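Every value quoted in this text rests on a predicted model; they were computed, and no experiment measured them.
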Amino acid sequence: MPDVLVPAWLGELRPLREALPVRRPGLWPGVALLLLAVLLAGLAVAGREDAAHPEQLSPGPYFEQARARGRLIVGVRAYPRPALPGMPVVAEPDFLDAALAQALGDYLGLPVETLGLSPERREAALREGRVDLLVAGAAAAGNGAAIPASRRQGEGALIALRGLDIHTGEGLRGRSLCLAEGSPYRGPLAERHGARLREYPSAVHAIAAFMAGECQALAEARGLVDWLLQQPDWRFYRRLPLDLQAPASGHVRLADSEPQAQAWLAAALGDWQRRGRLDEVLAQRTGELAFDVLKLDQGLVCH
């Protein structure tokens, strides 16, 4: 094998190279990564701090009536829970609506009175000033502010009999579907998938109607659907391969479009969601509904 010819000038550089200090990896790459992480965390915190806090805003003249009265009156959904046949029927406030009403009263520093209203009486109560606020489920119309979507509990699911031939969202078109009045999944199901929606006073009423065969599918929160499918009586059902995302968890209505009140309300709802209270309440709601379903299994009925 012939010798490799090395230029003379390269050989002269070797002593100089050997004399140079050896550069070993130092702490700088790690420090740089740490500084970058701190910077990104700071930007995230700054983004959260940019969101308006209700304490930084004036509720405006809209809430002067509530202040003068000394309490906040909130109209909420109300419906009877499963009970024995022949027992007195008492409509109880929706769990989510009642928790949200209490939170808004806390932000204002006022005690809260909830007024359970049927769908046909809600608009009149708000218009006539009998309530200061109206929790209107997922209805997006009118003055007020949307409740931001839940970060952990906002995913919905559909359940149907195992033999029902539905494999895509298109398969829902024209199908009857049970869901609770004010459900956050109403819009996507009607507008995107073309389902024929049948609304009931509450989730437990919708579940009872679905079990009675009034609809071909049921739409509810993913956590509740997963729990139902673990129950022995639901072994003949399956979760449909369709994901549902709620654009908002609900809507709180005002009687008019007073800008200060709307800005304050949006700030309060956003803060309530960011602090994780919405997630907690929706998780508790799932537990309440599961208990009501167990009562249905014991023969109790929804009136």
S.K.: Say you draw a straight line from CG of Asp292 to OG of Ser202; how long is it, rounded to the nearest 0.5 Å?
M.R.: 7.5 Å
S.K.: Between Val281 and Phe291, is there shared hydrophobic-cluster membership here, with clusters defined by ILVMFWY side-chain heavy atoms closer than 4.5 Å?
M.R.: no
S.K.: Within this structure, what is the CG-CG distance for the pair Leu179 and Leu189, rounded to the nearest 0.5 Å?
M.R.: 7.0 Å
S.K.: For the CG atom of Asp226 and the CD atom of Gln230, what is their distance to the nearest 0.5 Å?
M.R.: 7.0 Å
S.K.: Nearest heavy-atom pair of Val76 and Pro93: which atoms, and what distance?
M.R.: CG2-CB, 3.9 Å
S.K.: Closer than 4.0 angstrom, basic N to acidic O: yes or no for Glu155 and Arg239?
M.R.: no
S.K.: Kindly list each side-chain donor-acceptor pair under 3.5 angstrom involving residues 283-290, sequence neighbours excluded, with atom names and distances?
M.R.:
from   : atom 1 : to     : atom 2 : distance (Å)
Arg285 : NH2    : Glu220 : OE2    : 3.3
Thr286 : OG1    : Leu282 : O      : 3.2

S.K.: Using 4.0 Å as the upper bound for N to carboxylate O, is an ion pair formed by Glu64 and Arg67?
M.R.: no
S.K.: Which side-chain N or O atoms in residues 105-118 pair as donor and acceptor under 3.5 Å with protein atoms at least two apart or in another chain?
M.R.:
from   : atom 1 : to     : atom 2 : distance (Å)
Asp106 : OD1    : Gln102 : NE2    : 3.0
Tyr107 : OH     : Asp271 : OD2    : 2.5
Tyr107 : OH     : Trp272 : N      : 3.3
Tyr107 : OH     : Arg275 : NH2    : 3.0
Glu113 : OE1    : Arg71  : NE     : 2.6
Glu113 : OE1    : Arg71  : NH2    : 3.3
Ser118 : OG     : Glu120 : OE2    : 3.2

S.K.: In terms of hydrophobic clustering (I, L, V, M, F, W, Y; side-chain heavy atoms under 4.5 Å; direct or indirect links), are Leu296 and Tyr79 co-clustered?
M.R.: no
S.K.: Under 3.5 Å, which donor-acceptor pairs link side chains of residues 129-137 to any protein atom two or more places apart or in another chain?
M.R.:
from   : atom 1 : to     : atom 2 : distance (Å)
Arg130 : NE     : Glu128 : OE1    : 3.1
Arg130 : NH2    : Glu128 : OE1    : 3.4
Asp132 : OD1    : Arg69  : NH2    : 3.2
Asp132 : OD2    : Arg69  : NH1    : 2.8
Asp132 : OD2    : Ile73  : N      : 2.9

S.K.: Atom CZ in Arg253, atom CD in Glu123: separation rounded to 0.5 Å?
M.R.: 4.5 Å
S.K.: For Ala146, which residues count as a side chain to side chain contact (heavy atoms under 4.5 Å, CB included) partner, sequence neighbours excluded?
M.R.: Ala248, His251
S.K.: State whether the side chain of Gln231 and the backbone N or O of Asp233 hold a donor-acceptor pair below 3.5 Å, judged by distance alone.
M.R.: no
S.K.: Is there a donor-acceptor pair closer than 3.5 Å between any side-chain N or O of Glu92 and the backbone N or O of Pro80?
M.R.: no
S.K.: Using the test salt bridge (charged side-chain N to carboxylate O under 4.0 Å, His left out), find all partners of Glu199 that sit at least two apart in sequence or belong to another chain.
M.R.: Arg186
S.K.: When rounded to the nearest 0.5 angstrom, what distance separates NE2 in His193 from OH in Tyr185?
M.R.: 13.0 Å
S.K.: Under 4.5 Å between side-chain heavy atoms, counting indirect links through other Ile/Leu/Val/Met/Phe/Trp/Tyr residues: same cluster for Leu164 and Leu240 or not?
M.R.: yes
S.K.: Determine whether Leu161 and Leu228 fall in the same hydrophobic cluster, where Ile, Leu, Val, Met, Phe, Trp and Tyr are linked whenever their side-chain heavy atoms lie under 4.5 Å apart.
M.R.: yes
S.K.: How close do Ala246 and Ala149 get, heavy atom to heavy atom, and via which atoms?
M.R.: O-CB, 3.4 Å
S.K.: Provide the closest heavy-atom pair for Ala101 versus Leu72 in the form atom of the first, atom of the second, distance.
M.R.: O-CD2, 4.5 Å
S.K.: Between atom CD1 of Ile147 and atom OG of Ser249, what is the distance when rounded to the nearest 0.5 Å?
M.R.: 6.5 Å
S.K.: For the residue pair Ala263 and Leu57, what are the closest heavy atoms and their distance?
M.R.: O-CD1, 3.7 Å
S.K.: Ala261 and Tyr62: which non-hydrogen atoms are nearest, and at how many Å?
M.R.: CB-CB, 3.5 Å
S.K.: Would you name the heavy atoms of Leu104 and Trp264 that are closest together and state the gap between them?
M.R.: O-CH2, 4.0 Å
S.K.: List, one per line, each side-chain donor-acceptor pair under 3.5 Å for residues 206-219, sequence neighbours excluded.
M.R.:
from   : atom 1 : to     : atom 2 : distance (Å)
Glu214 : OE1    : Tyr200 : OH     : 2.7
Gln216 : OE1    : Ser176 : N      : 3.2

